[in-house]
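Below is one structure, written out as structure tokens; comments come after it.
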Amino acid sequence: MSPLHEVMVVVLVIWAGLFAYLWRLDTRIREGARQQREAPGDQPDDAPEAVLEPGPGRLGEE
Amino acid sequence: MAEAGAVFLKDLQQELRNRYALNAMALFAITTLVVVGFAVGSQALPASVVAALLWVVLLFTAVASLSRVFLREEETGTALALRLAVEPEHVYLGKLLFNVVLLGAMALVVAPLFLAVMQARVGNPGLLALVLLLGCIGLAAASTIVAAIIARAAARGALFGGLAFPLLLPVLIAATGGTTRALEGAPLGAAWAELRLLLSFGVVMITASLLLFEHVWNE
Amino acid sequence: MERIGLSTGWRIVCGAWMAGVIAAAFIGVGPAAGFREPEAARILFFHVPVAWLAVLGFLGATFHAVRYLRRRNPAADIRAVASAEMGFLFCVLATLSGALFARVQWGAAWNWDPRQTSIVALLLVYAAYFTLRSAVAEPERRAALSAVYAIVATLPMLFLVFILPRVVESLHPADTVRSGGMSPDYRVVFFAALGAFTLLYLWIYRLRVAVGELERVACRHSMK
């Protein structure tokens, strides 16, 4: 194999590795995004929320 | 406009009163001069080298002293009052003017001293003066906006040099070129490219800073 | 918001395209005349696109910086950092490949050639940008300050990258791409390489943006 071919093979191997890594990264991030959408993110808190209701105050008779 | 002048005068008064930056600059400049002079000895250096060294000295002087112009306000707590009293653009202009004057005054002293130490002959003093003026304005313009940015950040001094230097490279390149021409005695026209660059750099940097300053100031 | 990374189809296109470019660069074209080392001229298929993308990354960062300052939209800040990180990555690659190329073609890895200097200056701007970001704790302030810095740095950067090499004597060949100084087969591979690297850039950029968005959402939830 001429030196040119050798360099090409080296570069191709590097690219193959990079490509595989990116593919894996892509897949894992998609997975992470899907999990985040479905998971506890949308559950309501345990703490009581502030509620706006007319109480028995002076204006409550309105 | 008057407000900018007021900001400038206030800073000037403060500076003349405690002379903090002036002292630091003077000490730095003198020390650097001595070091460079000692290192060079009595060798006759080509004009381009003398020019480069001069601007290195001015650059480091600028970095050493122009960064504090906003820090003082933050540290003493007067920043809030300034925000309430004056429009951002005027604050910027006042501080810019202060930095230009500070650096210009220092350059006025340092440059002749430096050239004397280097035993350099100045072919075209007018051109040299012009390059120094425009160069200092450029240095001050970039330094002022960076000073404003770091005043709102955490790690002050070390950060300023790192942020400012890449921005100042064009000034350095153009000013060094222009100064070389001036030392060689070339006519004004020969340094036209450098002068034009310095002028446009200053104009664009000041304009951009005016537009962006409010985003920094009001953070 | 946007879809993440690249779709499966585009990923395969990217992989194949780049592999094709690599093959073509080494065995598809012959040596280039006019170089000191004609065989080694192939580096330009990798070096030049990467350098262009380094500049593109910075321009992207500035673009999103302007967007951020106008609307204070956190999504813009995420994209600004992503562009900056991409630009920085490609800038490092450009500097290294450039030094390699210089060693082969001009005899020394560093020559203070204006383009070499400008790519290092760009590296310094990126480094300054990230240093600034790391020095500010609050997210909004961090976004605003770094946005201002990116915009302020645009003029010096444009000068150093585009004007300086034309004004000062440069070892770099001037405008070979545009003025047609390349043989047809080299031109084909060159533009193919440009496309491949741009696609790669886009892929990594979109992944980075997705990570940024995920972090932002996670941060918000953890503050409840």
Side-chain angles (χ1 to χ4, degrees), chain B residues 48 52 70 88 92 138-139 141-174 176-177 191-194 196-198 200-219, chain C residues 58 62 65-72 76-77 88 91 112 114 116-169:
Chain B
S48 53
F70 287 97
Y92 170 74
L139 287 185
S143 298
T144 307
I145 188 69
V146 173
I149 291 175
I150 63 147
R152 313 291 295 148
R156 308 296 169 60
L159 202 57
F160 181 77
L163 291 184
F165 177 67
L167 305 188
L168 295 173
L169 264 178
V171 177
L172 211 63
I173 294 172
T176 316
W192 181 230
E194 284 91 350
R196 198 174 50 188
L197 175 72
L198 285 174
S200 48
F201 183 92
V203 167
V204 173
M205 198 52 86
I206 294 177
T207 311
S209 300
L210 274 172
L211 292 171
L212 295 168
F213 181 71
E214 136 184 52
H215 293 287
V216 178
W217 188 233
N218 290 331
E219 259 306 313
Chain C
F58 180 80
T62 305
V66 172
R67 274 186 61 218
Y68 179 80
L69 288 179
R70 290 175 107 225
R71 301 280 164 85
R72 296 292 164 135
D77 182 53
F88 180 65
C91 197
W112 289 111
Q116 268 190 318
T117 311
S118 68
I119 205 75
V120 166
L122 188 57
L123 213 57
L124 291 176
V125 170
Y126 279 125
Y129 178 83
F130 293 122
T131 311
L132 175 60
R133 287 192 75 96
S134 66
V136 185
E138 307 87 1
E140 292 87 16
R141 188 186 290 187
R142 177 171 57 220
L145 291 183
S146 54
V148 170
Y149 186 75
I151 298 171
V152 165
T154 306
L155 167 73
M157 200 278 310
L158 288 178
F159 165 73
L160 289 170
V161 170
F162 291 112
I163 303 182
L164 186 64
R166 284 162 227 272
V167 169
V168 176
E169 290 248 343

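Quick note on labels: first sequence line is chain A, next is B, and so on, each numbered from 1.
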Original post:
To the nearest 0.5 Å, what is the distance between OG (Ser146(C)) and CG (Leu163(B))?
Top reply: 10.5 Å
Subject >> Part of Leu168(B) lying under 4.5 Å from any heavy atom of chain C >> reply: neither
Subject >> Option from Val148(C), Val136(C), Val152(C) for which side-chain contact (heavy atoms from CB on, under 4.5 Å) with Ile149(B) holds >> reply: Val148(C)
Subject >> Contact origin within Phe165(B) toward chain C - heavy atom pairs under 4.5 Å >> reply: side chain
Subject >> Arg70(C) atom CZ, over 12 foreign heavy atoms within 6.0 Å >> reply: no
Original post:
Side chain, backbone, both or neither: which part of Ile163(C) has an atom under 4.5 Å from a heavy atom of chain B?
Top reply: neither
**OP:** Measure the spacing between CZ of Phe159(C) and CG of Leu169(B) and express it to the nearest 0.5 Å.
**Re:** 9.5 Å
Original post:
Who among Val120(C), Leu160(C), Leu122(C) has the most heavy-atom pairs with chain B under 4.5 Å?
Top reply: Leu160(C)
Original post:
Checking heavy atoms, do the side chain of Leu212(B), its backbone, both or neither come under 4.5 Å from chain C?
Top reply: both
**OP:** Mind ranking Ala153(C), Ala127(C), Pro156(C), Ala128(C) by heavy-atom pairs under 4.5 Å with chain B and telling me who comes out on top?
**Re:** Pro156(C)
Subject >> Region of Arg133(C) in contact with chain B, defined by heavy-atom distances below 4.5 Å >> reply: neither
**OP:** Determine the minimum heavy-atom distance between Tyr149(C) and Gly162(B), stating which atoms define it.
**Re:** OH-O, 4.4 Å
**OP:** Please look at Leu211(B) and chain C and tell me whether the side chain, the backbone, both or neither of the residue comes under 4.5 angstrom of a heavy atom of that chain.
**Re:** neither
Subject >> Residue part contacting chain B, namely of Leu145(C), when any heavy atom lies under 4.5 Å >> reply: both
